[in-house]
Peer 1: 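Pasting in a structure now, in structure tokens, and then I'll have a few things to ask.
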Number of protein chains: 2
Amino acid sequence: MRFAQLRYLEAALRTGSFRQAAKELDISQPTITNQVQRLEEDLGVILVTRGAKGVRPTYAATGYCRTLSLRSRPRKCCAPKPAPSAA
Amino acid sequence: MRFAQLRYLEAALRTGSFRQAAKELDISQPTITNQVQRLEEDLGVILVTRGAKGVRPTYAATGYCRTLSLRSRPRKCCAPKPAPSAA
DNA sequence: ATACCTTACGTTTAACGTAACGATT
DNA sequence: AATCGTTACGTTAAACGTAAGGTAT
């Protein structure tokens, strides 16, 4: 886990797309793609779902949203709830 | 900031020396030295004081002790208190 | 002399950018 | 076609190990 990766994730969730995030951070889109991928691998958790419209946070990522102090909750979360059944 | 750097710091504070930490993590001592140095640079805060007896956490690092869930507070903290005067 | 941490230097891994690609609307 | 994310690949920076160097007990 690198601090930069969290910045990339934050920007992506806030703007709603990797492209926008890359533009804002003045880096290339592939960097966002690769680093978020690596972060997900390291954590063993999928953080965002990709689509032609952009990216959306998974439920796991909504926790990060709080951590990262995102002002506005970024769109809608994919998974509505974690279903607190068996741990 | 890298997650590995926090692991190095945690081991160093828990064991009380870079040597012990390196041994436990099965890496070289210079790696601990360099990575803790870099972490301190990045944060702009000195985290440990070095001595012939080993390392001791500064007051700043005692916060990290809690974060890192160190069971036992590692020895004694160097600075007794931050003196909550002007911020 | 022994036990620490630090500096120097070469090797290897990984982050990053450019370019090319696939998918969806 | 336009917009968005992914894969491929070469370049550059950084992590790591080995070896040598100070400092204090």
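Here is the naming used below: chain letters follow the sequence lines, and residue numbers restart at 1 for every chain. Values below: every heavy atom of this structure, side chains too, minus hydrogens, waters and symmetry copies.
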Peer 1: Round to a whole Å and report the spacing from CG of B:L25 to P of D:dA15.
Peer 2: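 In whole Å, D:dA15 P lies 16 Å from B:L25 CG.
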Peer 1: Could you give me the CA-CA distance, side-chain angles and deciding distance for B:V48 and B:E40, then say whether side-chain contact (heavy atoms from CB on, under 4.5 Å) is met?
Peer 2: CA-CA 9 Å; B:V48 299; B:E40 289 177 326; 4.0 Å; yes
Peer 1: Could you tell me if the side chain of B:L39 sits less than 4.5 Å from the side chain of B:Y8, heavy atoms only?
Peer 2: no
Peer 1: State whether B:R38 places a side-chain N or O below 4.0 Å from either non-bridging phosphate oxygen (OP1 or OP2) of D:dA15.
Peer 2: yes
Peer 1: If I take atom CD1 in residue B:I27 and atom P in nucleotide D:dT18, what distance separates them, rounded to the nearest angstrom?
Peer 2: 12 Å
Peer 1: Evaluate the side-chain proximity of A:L43 to A:Q5: yes if any heavy-atom separation is below 4.5 Å, no if none is.
Peer 2: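 The answer is no, as the side chains (C-beta and beyond) never meet within the 4.5 Å cut-off.
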Peer 1: Please pick, from D:dC4, D:dC16, C:dA15, the nucleotide with the shortest atom-to-atom distance to any side-chain atom of B:Q35.
Peer 2: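 The closest nucleotide is D:dC16.
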Peer 1: Less than 4.5 Å apart, side chain to side chain, heavy atoms only: is that true for B:I32 and B:L25?
Peer 2: yes
Peer 1: Produce the list of close N/O pairs, under 3.5 Å, pairing protein atoms with atoms of nucleotides 6-8 of chain C; give distances to one decimal.
Peer 2:
from, atom 1, to, atom 2, distance (Å)
C:dT6, OP1, B:R50, NE, 2.7
C:dT6, OP2, B:T33, OG1, 3.1
C:dT7, OP2, B:Q37, NE2, 3.0

Peer 1: Are any of the side-chain heavy atoms of A:R2 and A:Q35 separated by less than 4.5 Å?
Peer 2: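 Yes, close enough: below the 4.5 Å cut-off.
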Peer 1: OP1, OP2 of D:dC16 versus side-chain N and O of B:R2: anything below 4.0 Å?
Peer 2: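 Yes, within the criterion.
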Peer 1: Could you work out which one of D:dT25, C:dC16, D:dC4 sits closest to the side chain of B:K53?
Peer 2: D:dT25
Peer 1: Grab the CE-C1' distance between B:M1 and D:dA14 for me, whole Å please.
Peer 2: 17 Å
Peer 1: Rounded to the nearest angstrom, tell me the gap between atom CD in B:Q5 and atom C1' in D:dC16.
Peer 2: 13 Å
Peer 1: Is there a side-chain contact between A:L6 and A:E10 in this structure, where contact means two heavy atoms from C-beta onward sitting under 4.5 Å apart?
Peer 2: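 Result no, sub-4.5 Å side-chain heavy-atom pair not found.
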Peer 1: Grab the CD-P distance between A:E40 and D:dT6 for me, whole Å please.
Peer 2: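 Checked: the CD to P distance equals 9 Å.
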Peer 1: Measuring from the side chain of A:Y8 (C-beta onward, heavy atoms only), which nucleotide among D:dA15, D:dG5, C:dC16 has the closest atom?
Peer 2: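 Per side-chain heavy atoms of A:Y8, the pick is C:dC16.
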Peer 1: Hey, is the side chain of A:T31 poking within less than 4.0 Å of OP1 or OP2 on C:dG17, counting only N and O atoms?
Peer 2: yes
Peer 1: With a 4.0 Å cutoff (strictly under), does any side-chain N or O of A:S28 reach OP1 or OP2 of C:dG17?
Peer 2: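 So the side chain of A:S28 is within the cut-off, an N or O lying under 4.0 Å from OP1 or OP2 of C:dG17.
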Peer 1: Rounding to an integer number of Å, can you tell me how far B:R19 CZ sits from C:dT2 P?
Peer 2: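 Value for this atom pair: 13 Å.
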Peer 1: Side-chain contact, heavy-atom cut-off 4.5 Å: B:L47 with B:L13?
Peer 2: no
